[in-house]
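Got a structure for you, questions after.
Because the structure is predicted, anything quoted here is derived from the model rather than measured. In this chain, residues are counted from 1 in sequence order.
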Amino acid sequence: MRIAKLDGLNVHYTDEGDPNGAPIVFANSLGTDLRLWDDLVPLLPAGLRIIRYDKRGHGLTDTTPGPYSMGTLVRDAEMLLDHLGVKDALFVGLSIGGMIAQGLAVKRLDLVRALVISNSAAKIGTADMWAERVRATREDGIESMADAVLQRWFGKAFRETDAFAGWRNMLINQSVEGYAGCCSAISGTDFYTPTSGLRLPLLGIAGSEDGSTPPDLVRETIDLVPGSRFELIRGAGHLPCAEKPEEYARILNTFIKETGHV
């Protein structure tokens, strides 16, 4: 278990693969921890330095009092990469992780040489929608909304597998304060203008059955950056790296090779 103490915040992370390899960093979604990428990591090309971390309020990273701002979550990622001596990473962010990825690339282009925005967008939902999510989380608990969230996360076939129970448990066992805090961060984020100014290799990935960030929403953000590419994983929901890791790896590994990130 690796913990980085960053300005008083204990951040849980993993640092695997070749310590001298090209770095690839993964930021997970709302309601999950770094195990989101477990099935994908073994499918990545050899020779990479693979870094994953639990964002503030999730997994084994400290939970601080909310609400959080996106700037705070971006700064957490920035401090972790500086702590680990990482430069020129390929940063893969899913959902809120994709928002963190956009913010980090805008703020610190020295840290990010290529970007994957997966099942995410420059702006997700409305302030009223997130305010209601925060209220329900604090008053009724995460489990009260778990079934609706999980229906957006996964296609019907995956929801009938044994593995599905583990994802439900991961969601409902997250910190209420951390989950609500990150909902507030998403609510206050609109990256349309800053993301449109990015000029770096960019891949967008969406799931055809994603009820949280539908493909058209993801594509709208990806199209902001000239030369970007968009890929759709059919039959997958909001977490295609977990639902269809082989197809996700095929798309990601092609991007890694095309950008020379090996």
Checklist entry - Crowded around D216 CG? As in, over 12 foreign heavy atoms under 6.0 Å? => result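 Not buried by this count: 12 neighbours or fewer within 6.0 Å.
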Checklist entry - Got a donor-acceptor contact below 3.5 angstrom from the T259 side chain to the I256 backbone? => result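 Side chain of T259 to backbone of I256: a pair is present.
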Item to check | Option passing side chain to side chain contact (heavy atoms under 4.5 Å, CB included) with T32 (candidates L30, L34, L36) | outcome: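 When L30, L34, L36 are each tested with T32, the side chain to side chain contact (heavy atoms under 4.5 Å, CB included) holds only for L36.
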Checklist entry - Does atom NZ of K87 have more than 12 heavy-atom neighbours, drawn from other residues, nucleotides or ligands, at distances under 6.0 Å? => result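 Check passes, neighbour count above 12.
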Next on the checklist: Looking at every heavy atom in both D54 and N28, which two are closest together, and how far apart are they?
Outcome noted: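 Minimum heavy-atom contact is CA-OD1, 4.4 Å.
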Checklist entry - Is any side-chain heavy atom of R108 less than 4.5 Å from a side-chain heavy atom of D82? => result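 Yes, their side chains come closer than 4.5 Å.
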Report all side-chain donor-acceptor pairs from residues 221-229 shorter than 3.5 Å, counting only partners two or more places apart or in another chain.
residue, atom, partner, partner atom, Å
T221, OG1, A122, N, 2.8
S228, OG, I222, O, 2.6
S228, OG, V225, O, 2.8
R229, NE, E231, OE2, 3.2
R229, NH1, E258, OE1, 2.4

Next on the checklist: For H58 and D33, which I'm curious about, is there any donor-acceptor pair between the side chains at under 3.5 Å?
Outcome noted: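 No pair is found: no donor N or O on one side chain lies under 3.5 Å from an acceptor on the other.
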Checklist entry - Do any N or O atoms from the side chain of E177 and from the backbone of T63 form a donor-acceptor pair under 3.5 angstrom? => result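 A pair under 3.5 Å: no.
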Checklist entry - Taking atom CZ of R138 as the centre, does the number of heavy atoms from other residues, nucleotides or ligands within less than 6.0 Å exceed 12? => result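 Count over threshold, so yes.
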Next on the checklist: Contact between L90 and F255 at the side-chain level, heavy atoms closer than 4.5 Å - yes or no?
Outcome noted: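 Answer yes - side chains close enough.
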Checklist entry - Within the distance-only criterion (no hydrogens, no angle test), does the side chain of T137 pair as donor or acceptor with the backbone N or O of R133 below 3.5 angstrom? => result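 A pair under 3.5 Å: yes.
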Item to check | Donor-acceptor pair, side chain of W167 and main chain of R159, under 3.5 angstrom | outcome: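 No.
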Item to check | same_hphob_cluster(W37, L43) at 4.5 Å side-chain heavy-atom cutoff | outcome: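 No, no single cluster joins them.
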Checklist entry - Which pairs pass side chain to side chain donor-acceptor pair (under 3.5 Å) with one or both residues in residues 196-209, sequence neighbours excluded? => result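 Listed by first then second residue: nothing to list.
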Item to check | Whether T61 side chain and H12 backbone form a donor-acceptor pair below 3.5 Å | outcome: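 Side chain of T61 to backbone of H12, a donor-acceptor pair under 3.5 Å: yes, one is there.
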Item to check | Salt-bridge contact E78-R75 (side-chain N to carboxylate O under 4.0 Å) | outcome: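 R75 and E78: not salt-bridged.
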